Amino acid sequence: MNIEYIKVGDYLLPNLAIENQNYGEINEYGYLRLNYIKEHKKGLYQTLLMKNELTNHLLSVSKDCEERLKTLMDNYIKNDGKLSEKSKANNQIEWVKLMNNYKNTAEEIILRELIYV
């Protein structure tokens, strides 16, 4: 990698330009990861930014989190006998409570394992 320098007074400063990055396909988990590394992992953030790999990292985290959420939810639904279409029709409130509980649990796991590391 060839870095150009600009003389400012008595100092040579690197001429670093950040390419315009497209955050179009990044979901909420990617933005949570971005915020976390900006605030708590400044070295990692700067490294990813300078290597122009920040977008790829955030897209990867977004994809991994979505896959993990789907896997966890599928496992919760498969292992719980109360979440059938019959029970959904009979007692919708109970079915929604269970689904919300499972989704919140899965999101907590994702945040601890993939976002805040």
Side-chain angles (χ1 to χ4, degrees):
M1 181 160 88
N2 189 10
I3 299 176
E4 296 179 17
Y5 293 89
I6 299 173
K7 188 169 185 171
V8 178
D10 293 335
Y11 301 101
L12 287 175
L13 299 176
N15 185 16
L16 299 176
I18 299 173
E19 295 179 16
N20 191 9
Q21 300 196 3
N22 183 10
Y23 296 114
E25 299 175 14
I26 297 173
N27 61 15
E28 65 179 307
Y29 300 113
Y31 287 113
L32 286 171
R33 178 69 177 163
L34 175 62
N35 187 41
Y36 177 74
I37 63 174
K38 266 187 183 178
E39 297 295 321
H40 301 285
K41 306 276 184 174
K42 292 182 172 130
L44 174 63
Y45 175 72
Q46 291 295 327
T47 303
L48 290 171
L49 200 57
M50 284 191 287
K51 290 183 176 179
N52 202 24
E53 295 177 356
L54 182 62
T55 304
N56 293 337
H57 175 73
L58 297 177
L59 287 171
S60 173
V61 168
S62 296
K63 181 182 161 207
D64 292 345
C65 290
E66 285 296 324
E67 289 173 1
R68 180 78 173 172
L69 178 66
K70 183 178 180 338
T71 302
L72 287 171
M73 289 300 291
D74 289 345
N75 287 338
Y76 289 147
I77 291 169
K78 184 171 67 172
N79 292 332
D80 190 351
K82 298 176 187 176
L83 289 174
S84 66
E85 289 298 320
K86 185 178 179 183
S87 67
K88 181 179 176 181
N90 292 340
N91 192 352
Q92 291 179 354
I93 300 295
E94 186 66 28
W95 186 87
V96 169
K97 282 181 4 184
L98 283 171
M99 287 300 286
N100 285 339
N101 185 30
Y102 289 149
K103 185 168 191 271
N104 290 336
T105 304
E107 285 185 340
E108 277 296 316
I109 291 170
I110 288 168
L111 291 176
R112 288 183 186 266
E113 291 181 355
L114 299 174
I115 303 295
Y116 303 131
V117 290

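Since we're looking at a predicted model, the values are computed, not measured.
- Between E108 atom CD and K103 atom NZ the span is 12.0 Å, to the nearest 0.5 Å.
- A salt bridge does not link K63 with E66: every distance from a Lys NZ or Arg NE/NH1/NH2 to an Asp or Glu carboxylate oxygen is 4.0 Å or more.
- Between the side chain of D80 and the main chain of Y76, no donor-acceptor pair closer than 3.5 Å is present.
- When only modelled atom types and interatomic distance are considered, Y45 and E39 share no side-chain donor-acceptor pair under 3.5 Å.
- Distance check: T105 OG1 to I110 CD1 gives 11.0 Å after rounding to the nearest 0.5 Å.
- Using a 4.5 Å cut-off on side-chain heavy atoms (C-beta onward), N91 and S87 make no contact.
- Remark: S60 OG to I26 CD1 distance equals 11.0 Å, nearest 0.5 Å.
- Of the possible donor and acceptor atoms, one in the side chain of N27 sits under 3.5 Å from a partner among the backbone N and O of G30.
- Among the candidates L48, L54, T47, L49, the single residue satisfying the side-chain contact (heavy atoms from CB on, under 4.5 Å) test with K51 is T47.
- Although no hydrogens or angles enter the test, the distance criterion places a donor-acceptor pair under 3.5 Å between the side chain of N104 and the main chain of N100.
- At a threshold of 4.5 Å between non-hydrogen side-chain atoms, the residues L32 and Y116 count as touching.
- The OH atom of Y36 sits 11.5 Å away from the CG atom of L111 when rounded to the nearest 0.5 Å.
- Rounded to the nearest 0.5 angstrom, H57 NE2 and I37 CD1 are separated by 4.5 Å.
- The structure places CG of N35 at 7.5 Å from NE2 of H40, a figure rounded to the nearest 0.5 Å.
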* **Full working for side-chain contact (heavy atoms from CB on, under 4.5 Å) between R33 and V117** => CA-CA 9 Å; R33 178 69 177 163; V117 290; 4.1 Å; yes
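- No side-chain heavy atom of L12 sits less than 4.5 Å from a side-chain heavy atom of I6.
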* To do: Check the pair K70, E67 against salt bridge (Lys or Arg N to Asp or Glu O under 4.0 Å), reporting the backbone distance first and the verdict last.
  => CA-CA 5 Å; K70 183 178 180 338; E67 289 173 1; over 6 Å; no
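- A 4.5 Å side-chain heavy-atom check between Y29 and L114 finds every atom pair outside the cut-off.
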* To do: Report the C-alpha distance between W95 and N90 in whole Å, list the side-chain angles of each, state the deciding distance to 0.1 Å, and finish with yes or no for side-chain contact (heavy atoms from CB on, under 4.5 Å).
  => CA-CA 9 Å; W95 186 87; N90 292 340; over 6 Å; no
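- Within a 6.0 Å sphere centred on CD1 of I93, other residues, nucleotides and ligands contribute 12 heavy atoms or fewer.
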